Amino acid sequence: MEKKSQAFFWGAATSSHQVEGGNHNDWSEWEKANADRLAQEAPKHWQKWQQEKFPEMMGRENYISGRACDHYNRYEEDFDLAKEGGHNAHRFSIEWSRIEPEEGKFDEAAMEHYVQVVKALRARGLEPFVTLWHWTMPVWLAEKGGVCSSEFVQCFVRYVDYVSQHLKNDVQFWITLNEPNTMAFHGYITGYWPPQKRNPIRYFLLAKTFSRAHILAYKALHRHNPQAQVSLSLIVPYIRVPNIPLMGKYLQKMANHVAADMISKKTVKFQDFISIQHYHYYHLGTFREQELPSENFTDLGWEMFPKGIYYVLIRMKRFNLPVYITENGLADADDSKRTKFIQDYTKWMRKAMDEGVDVRGYFYWSLLDNFEWDKGFWPRFGLVEIDYKTLERKPRKSFYAYRDLIRGH
Ligand code: BGC
């Protein structure tokens with residue numbers, strides 16, 4: 001395949017389980033078993049204003065992904081919207097549980113679906129960025145112990161090999177694993193996500209598992225297409241700490257969940273680009289001089305700090321690789337903060353670029369409202385609003401503001 005010229009990629013991202021609907025995997029099973037509990041516990045986790053604004057968080061159906069956005073059947077309509085929004089790239093993930101519903105048995109029709117998805121993107125001038133694992137897995141693998149199974153790496157690489165054989169001529173950009181550090185953190189430290197363990201040793205051991213899985217997948221993808229551009233995405237928050245040089249460095253490392261640094265150090269020789277996902281800003285210690293106004297917080301209570309992305313990007317310079325921001329976004333049901341959020345974060349991205357960071361793409365999270373894991377449907381991340389009753393798609397004002405911003409560049 002010919003190497004593409006260096007266009008800047010503007011787009012949005014989604015993941016299979018969060019938008020497709022109709023999935024049967026470890027998460028869909030976990031949702032059914034935990035929906036009642038999650039609904040009952042909601043008042044413990046969310047403030048009064050959030051409970052009042054999003055009463056659906058108290059209902060069990062909020063926690064069942066079910067038909068989600070039915071993107072599996074409506075992807076063409078959704079890609080029409082992406083095109084209308086001025087995007088020239090789109091990031092999505094392949095659902096492993098569809099491709100390999102039984103161990104070692106690959107479903108050709110499911111694979112063909114994704115071949116068509118890629119074609120539909122290309123037909124609209126959208127460069128596909130394909131994620132191979134965005135946290136969900138086939139039930140048979142979860143039953144063997146999931147990411148902790150001694151067979152995980154080998155199974156993952158076999159699946160990657162199969163997908164790569166089918167898409168090698170049409171896909172250049174690949175992300176092997178989506179934020180394995182986040183999955184490990186919530187699956188094995190906080191215990192919020194399946195398999196709900198609290199086992200720090202496992203957490204640290206998983207850095208090695210994920211590094212191996214990535215490196216072998218990287219090799220498989222390159223075997224099929226030497227021009228492939230392969231990475232793994234990591235969540236990189238920005239922590240502001242009191243100005244004590246040594247402590248600052250240590251806390252900054254912690255901010256990257258330690259494992260992120262462990263994974264990136266081990267795998268950096270096997271990355272063609274750096275894929276970072278940035279949402280979080282934490283303000284520690286004595287820095288907080290005054291209470292911040294509510295405009296500074298998203299619906300999930302995450303504090304916004306656009307300059308954080310600049311600091312994070314500057315830190316990426318040490319890898320000397322092209323950088324793609326493969327996720328950045330906010331939950332904002334009223335759409336009152338999203339336009340400014342995108343403008344401000346991309347302004348700081350520009351500043352990092354002016355200072356020599358080779359950023360080549362920005363993907364807003366997310367194209368559509370979607371199923372936000374253990375929080376369910378109430379957080380609204382989409383440029384496009386979804387009416388979950390009718391499945392009608394309605395571009396928000398920020399959808400057009402993002403389009404104007406893209407045109408302006
Ligand atoms: C994940 C997405 C998630 C988003 C917002 C990212 O870390 O990759 O799946 O929806 O954060 O929480």
Side-chain angles (χ1 to χ4, degrees), residues 11-21 23 25-28 30-31 38 45-46 50 54 57 62-63 65 68-69 71 90-96 129-137 147 174-187 189-190 192-194 210 231-238 255-257 259-260 263 274-282 297-304 308-309 312 324-333 337-338 341-342 345 362-384 386:
T14 62
S15 91
S16 55
H17 190 65
Q18 294 177 271
V19 295
E20 281 183 350
N23 281 322
N25 56 32
D26 60 330
W27 265 88
S28 64
W30 184 83
E31 289 155 22
L38 292 168
H45 295 301
W46 304 104
Q50 287 161 316
F54 304 104
M57 68 166 69
N62 175 67
Y63 300 96
S65 57
C69 311
H71 177 73
H90 181 73
R91 175 175 172 235
F92 72 97
S93 75
I94 293 188
E95 180 59 38
W96 185 355
F129 277 61
V130 177
T131 308
L132 287 153
W133 181 67
H134 201 122
W135 300 342
T136 51
M137 67 179 83
V147 292
W174 298 91
I175 290 167
T176 54
L177 306 168
N178 178 72
E179 293 182 18
N181 52 333
T182 307
M183 185 274 164
F185 189 69
H186 290 309
I189 298 274
T190 66
Y192 289 166
W193 290 0
F210 289 132
S231 188
L232 82 167
S233 72
L234 293 175
I235 189 136
V236 190
Y238 175 62
N256 284 289
H257 289 204
I263 295 170
I274 298 290
S275 160
I276 60 159
Q277 317 205 145
H278 179 71
Y279 292 89
H280 300 285
Y281 166 55
Y282 304 107
F297 296 89
T298 73
D299 287 348
L300 280 163
W302 298 355
E303 188 171 342
M304 293 177 272
I309 205 165
V312 160
Y324 292 85
I325 297 161
T326 42
E327 284 184 33
N328 171 235
L330 80 165
D332 176 27
K337 297 168 186 161
R338 189 171 285 104
F341 177 100
I342 297 176
Y345 276 81
Y362 175 88
F363 293 80
Y364 176 78
W365 181 273
S366 177
L367 178 64
L368 311 169
D369 284 341
N370 61 56
F371 182 73
E372 178 59 16
W373 306 110
D374 60 324
K375 299 171 190 75
F377 285 110
W378 69 263
R380 302 282 188 147
F381 277 89
L383 292 167
V384 176
I386 301 282

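Along the sequence shown, residues are numbered consecutively beginning with 1. Counting convention: from 1, in listed order, for ligands and their atoms alike. For clarity, every value in this text was computed on a predicted model and none was experimentally measured.
Side-chain contact annotation: S16 with S93, donor-acceptor N/O pair under 3.5 Å present. Side-chain N/O atoms of S233 and E179 include no donor and acceptor closer than 3.5 Å.
No option in W174, F363, F129 other than F129 meets the ring-ring contact (aromatic ring centres under 6.0 Å, His included) test with Y324.
When side chains are defined from C-beta on, F92 does not count as touching S15, because their heavy atoms never get closer than 4.5 Å. Side chains of E327 and R91 form a contact here, defined as non-hydrogen atoms less than 4.5 Å apart. You'll find the side chain of T326 stays beyond 4.5 Å of the side chain of I276, heavy atoms only.
Nearest protein heavy-atom neighbour of atom 4 (C) of ligand 1: Y279 OH, 3.4 Å. Of all protein heavy atoms, the one closest to atom 5 (C) of ligand 1 is E372 OE2, 3.3 Å. Of all protein heavy atoms, the one lying nearest to atom 1 (C) of ligand 1 is E327 OE1, 3.3 Å.
The part of W302 lying near ligand 1 is the side chain, judged by heavy-atom distances below 4.0 Å. The proximity of N178 to ligand 1, defined as any non-hydrogen pair under 4.0 Å, is limited to the side chain.
The H134 neighbourhood of ligand 1 comprises atoms 1 (C), 2 (C), 8 (O), 9 (O), with distances under 4.0 Å to a heavy atom of that residue. Near Q277, the atoms of ligand 1 lying under 4.0 angstrom from a non-hydrogen atom of the residue are 8 (O).
Checked by distance only, ligand 1 and W373 come closer than 3.5 Å through their nitrogen or oxygen atoms. Remark: ligand 1 and Q18 share an N or O pair separated by less than 3.5 Å (distance only, no angle test). Residue E179 has at least one nitrogen or oxygen atom sitting less than 3.5 Å from a nitrogen or oxygen atom of ligand 1, judged on distance alone.
No salt bridge links E372 with R380; every basic N to acidic carboxylate O contact stays at or beyond 4.0 Å.
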